[in-house]
Amino acid sequence: MKTDSSRKAFELAQDVIPGGVDSPVRAFKSVGGTPIFIEKGEGAYLFDIDGNRYVDFVQSWGPLIFGHCDKTIETAVMDAVTRGLSFGAPTEVETQLANKICNMFESIDKIRFVSSGTEAVMSAIRLARGFTCRDDIVKFEGCYHGHSDSLLVQAGSGAVTFGTPSSPGVPADFTKHTLLAKYNDIESVKKCFENSKDIACIILEPIAGNMGLVPADEKFLQDLRSLCDEHGTLLIFDEVMSGFRASLKGAQGITKVVPDMVTFGKVIGGGMPVGAFGGRLEIMDKLSPDGPVYQAGTLSGNPVAMHAGMASLDKITEDKELYARFESKAQKLVNGFKEAANENGIALQVDVRGSMFGFFFNDNEVKNFDDALKSDTDRFAKFHQGMLNEGFYFACSQFETGFICDAMSESMIDDCIEAAKKVLSDIK
Ligand SMILES: *Cc1c(COP(=O)(O)O)cnc(C)c1O
């Protein structure tokens with residue numbers, strides 16, 4: 001595979017952009033090699049600047065549920081562009097998109113649009129704190145909620161310690177209100193409540209996608225709901241990734257548990273920068289300008305982005321078979337991987353939720369971040385490189401989720417399984 005142009009482009013980028021990338025996950029750090037520079041996308045395919053073509057299982061890290069250059073979304077965007085890029089004043093499409101979402105989710109009476117998932121979660125946390133008049137929050141090891149200060153906390157000495165920041169530049173003072181618990185482990189959450197009477201909210205990815213794909217157990221979610229009710233704490237589902245991906249209603253289409261607040265991003269913008277947070281009326285009423293909790297954005301609810309999101313969600317809701325198709329393709333893919341791994345004596349854990357799929361090179365089932373960290377990342381790096389050479393583009397880390405888009409055909413899945421057989425036998 002020829003990658004000279006990408007190599008050259010990466011060198012030039014590194015001269016003027018830190019690490020040559022505008023988001024660190026793009027840098028191929030954990031798999032080696034240089035990132036592929038993209039020329040264009042087309043349906044399920046990515047084309048790099050050397051002329052190589054890949055089946056894209058990243059789909060911009062989730063947003064592109066119909067694949068690249070979907071005609072419906074493209075037309076909606078083009079149309080909106082001719083009327084103006086931004087006004088900083090209300091447009092009707094914001095209300096339309098808000099109605100669409102409020103009607104879909106039992107948990108959401110009102111919603112506010114922002115420009116990224118990070119912003120959505122950061123604002124939701126502020127609102128939860130403002131609503132409850134409490135400072136502490138509980139987050140789980142391995143769950144990612146964007147890069148805002150109080151959420152950028154890693155597992156220090158394990159569960160139930162007050163968080164230490166995982167990045168220089170985040171004052172410890174800012175993260176001392178972030179309590180860490182272990183995913184799928186209710187005892188660790190109970191300990192947080194023993195340590196603090198001041199917990200405003202528990203935030204989690206109800207289907208975790210940022211430590212690889214690790215869904216929460218139904219019982220765990222129910223127990224979180226009970227604990228929150230008992231302590232007057234808000235339960236926030238961060239569905240920035242799982243929303244409109246794991247099912248039409250994301251994790252909320254799968255679990256019976258109803259959260260107090262929800263955050264969205266990725267698919268909700270159809271490929272444009274959009275985030276959103278919503279919840280019960282009494283909570284959302286505390287938000288500025290109705291209430292005292294301040295939050296704002298010059299480009300929030302941007303009309304072009306709103307039209308992209310609207311077109312995307314309309315198309316999603318019109319197609320009643322969409323998620324069944326996703327799930328069957330995703331299941332076929334990981335079953336194929338699993339079989340290929342078995343044939344080569346390689347331990348592989350696989351899982352699927354709608355259009356999201358995950359695979360860990362791991363001897364045991366993965367229920368939390370500690371389990372995920374026991375995966376064989378060297379083998380993953382080799383698998384990643386091998387699959388790239390075969391024309392299949394996967395996220396460049398063992399701890400990411402794969403995405404099916406509707407433009408992916410059965411034969412692409414078949415070809416991908418064949419390629420995996422070859423690659424796994426080369427790296428066994
Ligand atoms: C991607 C992601 C975010 C952050 O969204 P950005 O748009 O990258 O800021 C937050 N939470 C979850 C669960 C995500 O997957």
Side-chain angles (χ1 to χ4, degrees), residues 21-27 57-65 112-128 137-154 166-167 170 178 183 201-216 221 235-247 249-252 254-255 259 261-279 295 297 299-302 305-306 308-309 312 353-358 368-369 372 395-397 399-403:
V21 290
D22 279 317
S23 190
V25 293
R26 300 175 193 168
F57 289 99
V58 180
Q59 295 296 327
S60 189
W61 304 86
L64 309 179
I65 198 148
R112 164 102 14 119
F113 295 107
V114 293
S115 301
S116 71
T118 295
E119 229 187 308
V121 181
M122 179 182 90
S123 310
I125 298 277
R126 179 179 304 152
L127 183 54
I137 64 174
V138 174
K139 89 169 274 289
F140 294 90
E141 298 164 14
C143 282
Y144 178 68
H145 303 293
H147 66 91
S148 71
D149 283 344
S150 64
L151 291 162
L152 209 56
V153 176
Q154 70 186 1
S166 61
S167 164
V170 180
T178 307
Y183 202 70
C201 63
I202 295 178
I203 182 160
L204 84 161
E205 297 178 73
I207 294 171
N210 287 290
M211 51 175 141
L213 180 63
V214 184
L221 293 177
L235 182 61
I236 306 179
F237 278 5
D238 180 355
E239 297 229 53
V240 169
M241 187 190 289
S242 55
F244 317 102
R245 269 274 170 207
S247 80
K249 296 190 203 177
Q252 293 171 82
I254 298 171
T255 174
M261 294 179 75
V262 185
T263 57
F264 295 110
K266 300 189 171 119
V267 173
I268 207 179
M272 300 287 288
V274 180
F277 61 105
Q295 185 276 330
L299 293 174
S300 289
N302 172 269
M306 291 287 104
S312 184
R353 286 295 180 281
S355 63
M356 302 165 72
F357 66 88
N368 58 46
F369 193 43
C396 49
S397 161
F399 308 111
E400 298 288 354
T401 294
F403 299 106

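One-based numbering, in listed order, for ligands and for the atoms of each. Residue numbers count from 1 along this sequence.
Counting heavy atoms from C-beta on, the side chains of Q59 and I65 never come closer than 4.5 Å. Side-chain contact between Y183 and L204 is present, with heavy atoms from C-beta onward closer than 4.5 Å.
Evaluation of the ring-ring contact (aromatic ring centres under 6.0 Å, His included) rule for F113 yields no partner, not counting sequence neighbours. The ring-ring contact (aromatic ring centres under 6.0 Å, His included) check on F264 picks up F105, F244, with sequence neighbours excluded. Residues passing the salt bridge (Lys or Arg N to Asp or Glu O under 4.0 Å) test with R353, sequence neighbours excluded: D351.
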So what's ligand 1 close to, N/O to N/O, under 3.5 Å?
from     : atom 1 : to   : atom 2 : distance (Å)
ligand 1 : 5 (O)  : T118 : N      : 3.4
ligand 1 : 7 (O)  : G117 : N      : 2.9
ligand 1 : 9 (O)  : G117 : N      : 3.4
ligand 1 : 9 (O)  : T118 : N      : 2.7
ligand 1 : 9 (O)  : T118 : OG1    : 2.6
ligand 1 : 11 (N) : Y144 : O      : 3.2
ligand 1 : 11 (N) : D238 : OD1    : 3.4
ligand 1 : 11 (N) : D238 : OD2    : 2.7
ligand 1 : 15 (O) : N210 : ND2    : 3.0
ligand 1 : 15 (O) : K266 : NZ     : 2.6

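Of the N and O atoms on the side chains of S397 and E400, not one donor lies less than 3.5 Å from an acceptor on the other residue.
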